[in-house]
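Convention: sequence-line order gives letters A, B, ...; per-chain numbering from 1. This is a predicted model, so every value here is computed, not measured.
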Amino acid sequence: MNDKVTNILLVGVGGQGTLLASEILSETFMLAGFDVKKSEIHGMSQRGGSVVSHVRFGRAVASPTVPEGEGDVLFGFELLEAYRYLPLLHAGAKVVVNDYRIPPPSVLLGQEVYPDDLADRIRSRFPDFLLVDGLHLASEAGNPKAANTVLLGAVSKRLEIAEEHWLAALHKMVPAKALEVNIRAFQMGRAL
Amino acid sequence: MDRAILSGNEAIARGAYEAGVKVASAYPGTPSTEILENVINYSEIDASWAPNEKVALEVAIGASFGGARALACMKHVGVNVAADPLFTLSYTGVRGGLVLVVADDPEMHSSQNEQDSRNYAKFAKIPMLEPADSEECKEFTRLAFELSEEFDTPVMLRSVTRISHGKSIVTLGERVDNLPAPALVKDAAKLVMLPGNARVRHPKVEERIVNLSRWGTTATINRSEMRSAELGVICSGVVYQYVREVLPQASILKLGMVYPLPHDLIRDFASKVKTLLVIEELDPFIEEQVKAMGLQVTGKALFSLCGELSPGRIRNALEQGGLLAKVVSAPVTVEKLPPRPPNMCPGCPHRGVFYLLNRLNAYVTGDIGCYTLGFLPPLNAMDTCVCMGASISNASGIVRSLPREEQQRVVAVIGDSTFLHTGVNSLMEMAWNQAPATVLILDNRITAMTGRQENPASGFTLSGETAPEVNIADLCRAIGIKHVVTVDPYDLVATRAVLEAEMQRPEPSVIITDRPCCLMKGECRFEKGKILAVDQNQCTGCKACLRIGCPAIEWQPASDGKKGKAYIDPLLCTGCTVCQQLCKFDAIN
Ligand SMILES: Cc1ncc(C[n+]2csc(CCOP(=O)(O)OP(=O)(O)O)c2C)c(N)n1
Ligand code: SF4
Ligand code: SF4
């Protein structure tokens with residue numbers, strides 16, 4: 001094990017499930033024998049505001065937040081939010097984003113437009129970019145609510161952690177009745 | 001031994017359990033709320049919500065006087081409410097250990113100010129511990145109870161958002177089981193704080209803080225980590241983690257107890273390093289005391305008094321101060337994007353009310369809760385917001401300064417939890433002095449903003465047991481308000497009529513809305529609710545429905561130069577019908 005700490009940022013809109021996803025990531029890294037820290041914001045921003053969670057793992061982790069500009073992996077639940085937080089990444093970071101848009105208030109009111117070329121803009125800066133049709137794949141897996149798990153699968157492929165730890169974390173964190181669909185969704189994401 | 005990833009709040013709850021705590025009381029407030037929500041999982045602890053922080057602390061004090069270990073938790077501004085008992089508790093001291101956990105919110109992620117609670121420890125002359133990760137949250141909580149009993153003092157444990165809502169690995173321990181059994185003991189000289197007794201207690205308080213400072217010099221929670229002799233940093237809490245990240249070579253004096261300071265230890269550390277820095281969030285709390293010791297130290301000359309620190313902010317400040325070489329990097333930048341502020345949920349019972357207040361040109365003295373979001377566009381219907389309970393008393397004061405025509409526009413808006421927190425006192429003043437303003441109590445049956453905690457009007461306790469519900473209408477009448485009306489906030493016509501009538505009344509009056517928060521289980525899609533859609537043939541593009549700012553309604557501009565149309569997202573709509581009532585063209589069905 002080297003001393004490098006791996007920095008993951010989960011970004012999206014309050015209420016989208018970033019908290020649970022970051023929980024599963026942390027559990028996986030602990031099971032894999034790493035030190036883990038994570039940080040997130042509850043409260044006001046969870047009412048549909050912009051949210052970011054930080055998860056870090058390595059031999060020993062100090063700060064619970066990712067130092068600015070040192071993000072290794074961006075796990076985006078929504079396009080505009082994924083784009084907003086790009087400055088937290090370093091130039092060679094990997095980016096996995098749900099192909100999903102949630103219009104912010106000014107767009108709902110018709111005062112601003114939701115940029116339609118965000119995926120291209122991200123790809124032009126971060127060649128290691130994957131756009132995932134989470135909703136569609138999750139429906140195929142059996143439940144559109146498992147979209148986050150599809151993304152998690154895709155993210156897992158970009159981290160050097162044995163599959164058994166991911167599966168063990170899913171078994172621990174996902175309610176029994178939803179487990180089968182989520183394992184399927186995870187595998188579909190991992191295959192991307 | 002068992003290990004688990006716990007948040008700071010979960011770890012504090014675990015620490016309370018392991019310390020043998022018997023009674024815990026709190027009022028919710030971000031980022032402290034989850035402490036009590038986790039304490040309730042330990043059946044050995046009697047945990048319950050209090051209507052406000054003063055009461056929560058007093059419940060804990062009572063338990064301590066009975067001889068049990070007791071915990072009170074609150075957010076930083078909660079200590080303002082609880083300050084009265086706190087300052088005299090410092091004189092009485094404790095019987096069973098008493099720990100007050102305070103969670104600060106530097107950066108104001110979810111707060112109305114970013115006051116630095118460390119000042120309270122100095123002001124009340126009691127010790128304060130500050131953990132730097134979840135493991136320390138648990139260990140310091142245990143230690144805080146021991147210190148409390150050993151030094152006969154309440155102990156404050158300070159967390160911040162990044163600690164409370166950060167997670168790290170914790171090793172779980174056992175609950176202590178050798179504590180003395182609680183019992184009633186008469187000890188008036190210690191527990192009855194009248195002048196004669198308090199004069200005897202005060203010198204003990206002063207002596208105690210000197211003894212604690214001496215204890216801190218050898219205590220393992222204050223530790224110096226000697227590395228390079230060039231630069232030494234004094235820090236505590238989460239800032240310690242940032243300093244480790246940015247200055248891996250620097251020597252560090254990590255303070256686990258931020259008040260009182262271990263003077264001898266600080267002097268010793270300072271003598272071993274060439275340059276001495278204090279890096280701390282918010283106030284120059286440690287810096288000023290180190291300066292008062294006559295030591296050369298730099299702190300707020302480099303670091304901001306505002307907001308939280310982060311590895312990046314510390315690095316920038318050190319680079320600017322010439323203490324760290326500049327790293328050349330080409331940071332990724334993005335152009336300005338549409339912002340995404342929080343918003344009330346689709347179908348929130350508060351939304352239509354704010355729409356009406358806006359239409360009626362009301363001047364709204366506001367309060368704190370989900371409904372504070374009513375100040376945002378397009379509702380723009382809140383004009384003041386100071387602290388919990390202030391809406392009613394602010395209205396009472398503002399009408400006294402106004403001519404009659406203007407008085408009629410003043411409406412105080414307050415939630416049920418906030419009303420029962422401190423709004424009741426304000427309403428007594430309004431009734432007593434007959435201030436002619438209208439009070440609107442948005443009774444959604446729950447403390448929604450902080451994540452739906454029970455309150456005295458909910459009919460349930462923290463543990464889910466049924467409980468008497470405060471009848472808010474009867475309470476207002478009992479206080480002396482003659483005109484109390486209850487209205488369905490989803491019925492815009494009825495609500496408007498009531499608002500107009502009560503605003504005109506030259507006497508105090510109260511309007512209560514009676515629909516639950518739509519995130520409450522089972523009550524989300526209320527009885528008549530069916531998901532609505534915009535008939536694209538009927539929609540004239542008048543934008544009337546957009547004026548309520550429901551997240552489910554989107555404006556879709558037309559590509560061919562014609563007028564755009566509104567669209568309702570079926571995944572988000574709850575069928576509350578508020579938008580439908582605004583559509584003059586029957587386009588929403
Ligand atoms: C003194 C103090 N304690 C706690 C808080 C945290 N807090 C903010 S709003 C709120 C309660 C909101 O409940 P309610 O008034 O019922 O309104 P709702 O959110 O349900 O609409 C609380 C506890 C605070 N801001 N100040
Ligand atoms: S949580 Fe409840 S009260 Fe708060 S915005 Fe949502 S529906 Fe309204
Ligand atoms: S009925 Fe209208 S206002 Fe209510 S949730 Fe649906 S779209 Fe929003």
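Within the model, atoms NZ of A:Lys38 and OG of B:Ser168 stand 11.5 Å from one another, a figure rounded to the nearest 0.5 Å. With values rounded to the nearest 0.5 angstrom, B:Leu318 atom CG is found 5.0 Å from B:Ile279 atom CD1.
Of the atoms belonging to A:Ile102, heavy atoms from both backbone and side chain fall under 4.5 Å from chain B. With a threshold of 4.5 angstrom between heavy atoms, B:Pro31 does not approach chain A through any atom at all. If you measure heavy-atom distances from B:Cys370 to chain A, the contacts under 4.5 Å come from the side chain alone. Contacts of B:Ile553 with chain A are made by backbone atoms alone, with heavy-atom separations under 4.5 Å and no side-chain atom involved. Looking at A:Arg84, both its backbone and its side chain come within 4.5 Å of chain B, counting heavy atoms on both sides. Heavy-atom distances place the side chain of B:Glu34, and not its backbone, under 4.5 Å from chain A. With a 4.5 angstrom heavy-atom cutoff, A:Glu23 touches chain B only via side-chain atoms. Heavy atoms closer than 4.5 Å to chain B are found in the backbone of A:Leu89, but not in its side chain. Neither the backbone nor the side chain of A:Val55 comes within contact range of chain B; no heavy atom of the residue lies under 4.5 Å from a heavy atom of that chain. Heavy-atom distances place no part of B:Ile314 under 4.5 Å from chain A, backbone and side chain included. At a 4.5 Å heavy-atom cutoff, the contact between B:Thr30 and chain A is made by side-chain atoms alone. Interface remark: A:Ser26 contributes backbone and side-chain atoms alike to the contact with chain B (heavy atom separation under 4.5 Å). Interface residue A:Glu40: backbone and side-chain heavy atoms are both found under 4.5 Å from chain B. B:Ala4 touches chain A through its backbone: at least one of N, CA, C or O sits under 4.5 Å from a heavy atom, while the side chain does not. No part of B:Asp569 comes within reach of chain A, as not one of its non-hydrogen atoms sits under 4.5 angstrom from that chain. No part of B:Pro557 comes within reach of chain A, as not one of its non-hydrogen atoms sits under 4.5 angstrom from that chain.
For A:Arg59 and A:Phe34, the positive end is not near the middle of the six-membered ring at less than 6.0 Å and at most 45° from its axis. Cation-pi geometry between A:Arg101 and A:Tyr114 is satisfied (NZ or CZ under 6.0 Å from the ring centre, within 45° of the ring normal).
Checked against B:Asn9 for a side-chain hydrogen bond (donor to acceptor under 3.5 Å, both in side chains), the options B:Ser164, B:Ser32, B:Ser134 give a single hit: B:Ser164.
With respect to chain B, the highest number of heavy-atom pairs below 4.5 Å among A:Ser53, A:Ser39, A:Ser63 belongs to A:Ser63. For the set A:Gly69, A:Ser22, A:Pro87, the entry with the most heavy-atom pairs within less than 4.5 Å of chain B is A:Pro87. Of all the listed residues (B:Gly549, B:Pro378, B:Ala132), the one sharing the greatest number of non-hydrogen pairs under 4.5 Å with chain A is B:Pro378. Contacts with chain A were tallied for B:Ile169, B:Asp133, B:Leu546, B:Ile163; B:Ile169 has the most, counting heavy-atom pairs under 4.5 Å. Top candidate by heavy-atom pairs under 4.5 Å with chain B, chosen from A:Glu27, A:Gln111, A:Arg121, is A:Arg121. Ranked by non-hydrogen atom pairs under 4.5 Å with chain B, the options A:Ala91, A:Pro105, A:Pro104, A:Gly110 are led by A:Pro104. Of the residues considered (B:Thr450, B:Thr333, B:Val246, B:Val239), B:Thr333 shows the highest number of contacts with chain A, using heavy-atom pairs under 4.5 Å. Chain A forms the most heavy-atom pairs under 4.5 Å with one residue out of B:Gly312, B:Pro338, B:Gly166, and that residue is B:Pro338. Chain B forms the most heavy-atom pairs under 4.5 Å with one residue out of A:Val113, A:Asp35, A:Leu109, and that residue is A:Leu109.
Ion pair A:Glu140/A:Arg184 not flagged as a salt bridge, since none of the NZ, NE, NH1 or NH2 atoms sits closer than 4.0 Å to an Asp/Glu carboxylate oxygen. Looking at A:Arg56 and B:Glu245, a side-chain N of the basic residue comes within less than 4.0 Å of a carboxylate O on the acidic one, giving a salt bridge. Ion pairing of B:Lys254 with B:Glu136 is present here, as a side-chain N (NZ or NE/NH1/NH2) and a carboxylate O approach within less than 4.0 Å.
Between the side chain of B:Thr372 and the main chain of B:Gly369, a donor-acceptor pair closer than 3.5 Å is present.
Counting heavy atoms of neighbouring residues, nucleotides and ligands inside a 6.0 Å radius, atom CD of A:Glu180 does not exceed 12 of them. The environment of NZ in B:Lys543 is crowded: more than 12 heavy-atom neighbours from other residues, nucleotides or ligands sit within 6.0 Å.
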What do the steps show when you test B:Gln453 against B:Glu37 for side chain to side chain donor-acceptor pair (under 3.5 Å), and what is the final call? CA-CA 9 Å; B:Gln453 290 75 31; B:Glu37 290 178 326; 2.9 Å; yes
How far apart are the C-alpha atoms of A:His90 and A:Asp72, what are their side-chain angles, what is the distance that settles it, and do they pass the side chain to side chain donor-acceptor pair (under 3.5 Å) test? CA-CA 7 Å; A:His90 62 72; A:Asp72 297 300; 2.8 Å; yes
Do B:Tyr27 and B:Thr447 pass the side chain to side chain donor-acceptor pair (under 3.5 Å) test, and can you show the C-alpha distance, the side-chain angles, and the key distance before you say yes or no? CA-CA 10 Å; B:Tyr27 181 72; B:Thr447 314; 4.9 Å; no
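B:Glu114 and B:His76 share no donor-acceptor pair across their side chains, judged by distance under 3.5 Å alone.
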